[in-house]
Structure formats: structure tokens, C-alpha cells
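Okay, structure first, notes after.
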Number of protein chains: 2
Amino acid sequence: MFRPPFKAKSRRLPATSDAAPGDNVVSLSETRGAAATKERILDSAESLFMEHGFEATSLRSITAAAAVNLAAVNYHFGSKEELFQAVLTRRLDPMNHDRLTLLTRLEAEAAPKALSCEKILTALFIPALTLARDPRRGGKNFLRLLGRAYADPAPFIRQFLSAQYAEMIVRFKTAFGRALPYLPRKELSWRLHFIMGALSYTLAGTDALKLIAELNPHESDDDEILLRRLAPFLLAGLKTPLPDVSDVTRELDVELARRAKDDRARRTHLTRS
Amino acid sequence: MFRPPFKAKSRRLPATSDAAPGDNVVSLSETRGAAATKERILDSAESLFMEHGFEATSLRSITAAAAVNLAAVNYHFGSKEELFQAVLTRRLDPMNHDRLTLLTRLEAEAAPKALSCEKILTALFIPALTLARDPRRGGKNFLRLLGRAYADPAPFIRQFLSAQYAEMIVRFKTAFGRALPYLPRKELSWRLHFIMGALSYTLAGTDALKLIAELNPHESDDDEILLRRLAPFLLAGLKTPLPDVSDVTRELDVELARRAKDDRARRTHLTRS
DNA sequence: CTATAATTCAAACAAACGTTTAAATGAGCC
DNA sequence: GGCTCATTTAAACGTTTGTTTGAATTATAG
């Protein structure tokens, strides 16, 4: 009997994991015990969810890769959805916390002057890069998984990500607002939206576009090079003057007007024939 | 008996659809017949794939929404995967063809001078916008679906998209290369990658980030406004000087160095204790 | 009208899915 | 040692999945 207490916030831990939180013993030489089982499941799930997506990854493939019993997922996490959230939380939570900490420190260092956009963007990028470069954790896998989760239609994923990102986004938006006081708040919201989109999309590393870039395989795997190129690109967009004085919107208007005219012409031609 | 000939490239069409290709009779007042069945399936599949993704959408839900028999999908398209490809092809093929045509025309108009980045970006955006605004076709649904397909891990989707985009990407890359001759080809590849990513991500319209933008609901649905904001943003990034003289990379280096130092300090502290 | 091929239909298929069950196993405490 | 939990295990649960089948239906051609 004895139903799994997976809903309990803090249940009695097994003997193998009585290390205080904060110690980085993680799970070295820990090959059995409940905590080790949970971690093996999380690791396998992370790479399999990354590779095939949430729906297309079966619990059987996860438990097989983790060398644990099928029922272990439901016992330790409750359900497949909760497992997925646990996979995301494990790395996303520290990363976003890292971002906030770094932003706060940089703000304190720059006080009383406002932080530059360069430094704010740095606070956004560095924690992601740190995660990607950490060899202990499957950081690269995770960032890909995260990028995919952003585009996943499943409601529970979207809800979860919104909640996870909400606080961080607000903080960064006010920071950027201070750095770009001339920029209307709504325009800033758009640009921040574009930045987060480009970041998550780029880190997802969809190889569907690898042929666009003609990159050396090893180079496209280096996230540092990637962010080093992405950051100036996004920063230029962030700092650009308001769109209503831009050349490109004028070109858009020209073509839109031409299409409208063509459309009218085609319509009258059809009614006459 | 009479097995479905869904592999035959051009099989005899039913009586209701003997219109020559190119006529835009589409399927008005066509509520029965094989062609109408195929189109109803495509419409339902488009919106359901958009809403739930490929894996999470069942053939039963598609056929129910289309009011056709369950077996109709396998009869007319062969399999679920082929149906998905048909859904993408139906709109993506004309849209990319439209892009190439528009680019060619603009190049001819500007000859012998090189095309400006603004005009090239226009050739990239206008066909997508035209598709989105066409009320006859579920353009908006489709663009969302497309954005999601870009992030889908399924191999057959990635392969398919690569093939669909290959030609168009090459043409646009050479056009941008002519407009930005000072820019190294590899850097251009990166920036084009970022542009395609931001475009697909933005058009996907993931509402996970709606709270970032604090937008009016109706405003976030207007793809024209969206592209009007996105275009100047991306254009500024495209035209920005090389990253090795950028301020933001310097800031990235500062923080990376600091992290490396902290890391060394932490390591020595641990070995001493 | 009749023959013939194309399409639709209800039903069934085997396989895979997430989840649940109850017994077996394991380790820590008195 | 015996007791008590937490954990693991193998098996089965009931659904749902994409696909196939063969007959019924419909439309076209001669």
C-alpha cells in the first residue's frame, strides 16, 4: 500500500541525501536511493524532452533511459506534466534568480546613474551563458529544451513559463525603461518581446536553419560565440529611433499601397469578364 | 476494394474540381466532392495543429471538425505526417514564391544599383503580411502554425521546412550581401538567422509573453502593427557595425571574467576547507 | 441504364499511451 | 530481531492513438 506522498511539500528524505541544501555534493557516487532516482529521471527526461518534445516523449522511454521502473515517475513526481515542470524548474529557477541578482548588483555599482543597456543585456545573457557552459549540468540540452517550451502550445507549459518569467521580466523592463527614457513604454514592451523571442529562439538552436548560416558544426554549438553575435544585433535594435521615422516602414507602405492597387485592378477586371 | 491511390502524383480528379489550376474559384459553393473534402480537412487540420501542435492533435478531432469520416485523411493524404506537410505546403509554397517574385521585381526596379536593406526586408515581410491579412484564407492561423513548426522537434517537420526555405534563403542572402558589402559573409549569415528567428517567433504569437508587452488584446492580433515595429528593430541590428567593436561584448567580457575569478576563488576555498 | 471507378462509411485493428495497483524489497529505528 | 515506513517492482488497467478493412454509396462514362 502506502500511496506516494508526491504532493507533500517536504517529506522525509531517504538516508542517502541528508546533505544541507547549498552543498554541491549533488549526486556524486550516489547511484541508489530516492534522491538519486529522482535525479536520474530528471536527467533522462531533460534530454529526451529536448530531443522529441513533450508529447512525443513517452514515460517508458524516460524510465528506460534512467534505468528505473516505469511507475517511478508517477511515484516521485505525480504525473508526466509535473515531471516536465520539475525539469524546467530545476534549472530555470536558479537561472532567473541569477539574472535578478546580477541586475541588482550592476545597478548598485552604477548608482546613482542609470544602468546602460549594455549592462542590462549582459545581466540577461550571462546567466544563460553560465548555464550553457557548465559541464556538470546538461546546460546546453536545457536551453534547447527551454527554447522549444516557449513555442509549445500546451496550456500548462505556457502558464508555467509565464509564472516563472513574470517577476524577472518586470524588473528588466523597468531597468530598460530607465536606460531609455525617451522611448515610449509600449515601444519598449515590443522591443523586449523581440529580444526575449530572439534569445529563446536562438538558444533553441533549431537546426532547420543551420543551412542558413553555413556554420561549422562545432561553431554553431558554441553558445558563447552565438550570444556574442546576438547581443550587438539586439542592442542595435533596442536603441534604434522610433519606427515612425524609419525608412523600412516607408518601404512597407509603398508595397502595401501597390498591392492594394493591384487588388482593386484585379477585382474590377474579374467583374467585367 | 479499390485501394486509395494517394501516392499517385496526378490522379483523375472528381467531377467537381475540373477547374484549371490558376483559377481562383477555390471551393466556393463547393460543399461536396473529393476536392471539397480535402480542403475541409486541410482547414480543420490547420487550425487544430495551430492550437495543439502536431503530436497533440488527433486525426479524430480533425475529421470531426471537418465533418468527414475518420478514414478520409488516410485516403486522401496517406498519413498524418503527409497531411501536416500538405497543410504547410498549401500556404508556404505560394508565400515563398511571392517573396522571390517581389524580390526579383524590386531588384529590377533598382537596377543597376544594389537593393537597399529596407527593400529586401520589405520583400521578406510583405508576403507574410499579405497572407496574414487575407480573410479568405486562415492566414493568421497559418502563420502561428508556421512559427510553431519552426520549433517542433519532429525530424520530418525540420527536414520539410529546410527544403521549403532553402531556395528563398539563398536568394535573400545574396541580396543582403550586395546591400552590405562591408559585412563579412559569416556575420551576415548570423544576422539573417536572427532575423528569420525573430520573424517566425513573433508571428507565432506565443501568448506566453503577452504579459511582457502589456498589449491590448486586439492590438497584439494585428500583424501589420507587429511587423511595423519588428522591421525597424531588425533593420537596426542588420546594419550595425561589427560586433568586435561593440560595447555590449565588452560588458559581456567583464562579467565573464568576474565569474571566472569568482569560480577560481570558490574552488580554492573548497579545497582548503 | 449499366458498368466502372472514386469516394465515403462504420467497424475493427494492434500498438502505445499515462496511470494505478498490490505485492516485494529495502533501509532505519526502537 | 521485529516493526515501520519509503521505495521499487511487475503486472494490469482503461483509453486513445494512427491505420486498415471491406462493404455501401456516389458519381462518371459508354
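Atom set for the values below is all heavy atoms of this structure, side chains included, hydrogens, waters and symmetry mates excluded. Per chain, numbering begins at 1; letters A, B, ... match sequence-line order. As the structure is a computational prediction, the values presented were derived from the model and not from experiment.
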Integer-rounded Å distance: [N] [atom2] and [X] [atom1]:
X       : N      : atom1 : atom2 : value
B:Lys38 : C:dA6  : NZ    : C1'   : 13 Å
B:Ile62 : D:dT19 : CD1   : C1'   : 14 Å
B:Leu83 : D:dG18 : CG    : P     : 11 Å
A:Asn74 : C:dT19 : CG    : P     : 5 Å
A:Glu82 : C:dG18 : CD    : P     : 14 Å
B:Phe77 : C:dT8  : CZ    : P     : 11 Å
A:Phe49 : C:dG18 : CZ    : C1'   : 12 Å
A:His52 : C:dC17 : NE2   : P     : 12 Å

N or O in side chain of [X] less than 4.0 angstrom from [N] OP1/OP2:
X       : N      : result
B:Thr37 : C:dT8  : yes
A:Ser58 : C:dA16 : no
B:Asn69 : C:dA10 : yes

Residue pair A:Met168, A:Leu100: steps toward the side chain to side chain contact (heavy atoms under 4.5 Å, CB included) verdict
CA-CA 7 Å; A:Met168 188 208 68; A:Leu100 287 176; 4.3 Å; yes
So which one's nearest nucleotide on DNA chain D is more toward 5', B:Ala56 or A:Val68?
A:Val68
[X] side chain: which of [options] is closest?
X       : options                : value
B:Lys80 : D:dT20, D:dT19, C:dT20 : D:dT19
B:Ser79 : D:dT17, D:dT8, D:dT19  : D:dT19
A:Arg60 : D:dG18, C:dT19, D:dT9  : C:dT19
A:Leu59 : D:dG18, C:dC9, C:dT19  : C:dT19
A:His76 : D:dT8, D:dG18, D:dT20  : D:dT8
A:Tyr75 : D:dT7, D:dA10, D:dT19  : D:dT7

Do B:Glu82 and B:Ser79 have a side chain donor and acceptor closer than 3.5 Å?
yes
Looking at B:Tyr165 versus B:Tyr150, is the centre-to-centre ring distance below 6.0 Å?
yes
Hey, are the side chains of B:Asn69 and B:Tyr75 touching, using non-hydrogen atoms and a 4.5 Å cut-off?
no
Base, sugar-phosphate, or nothing for B:Ala72, non-hydrogen atoms under 4.0 angstrom?
nothing
Base, sugar-phosphate, or nothing: which does A:Thr57 touch, judged by heavy atoms less than 4.0 Å apart?
sugar-phosphate
Between B:Lys38 and B:Asp43, does any side-chain N to carboxylate O distance fall below 4.0 Å?
no
Nearest-nucleotide 5' precedence on DNA chain C, A:Val73 against B:Leu70
B:Leu70
Check each of B:Arg144, B:Arg148, B:Arg91 against B:Glu46 using the salt bridge (Lys or Arg N to Asp or Glu O under 4.0 Å) test, and report the only one that passes.
B:Arg91
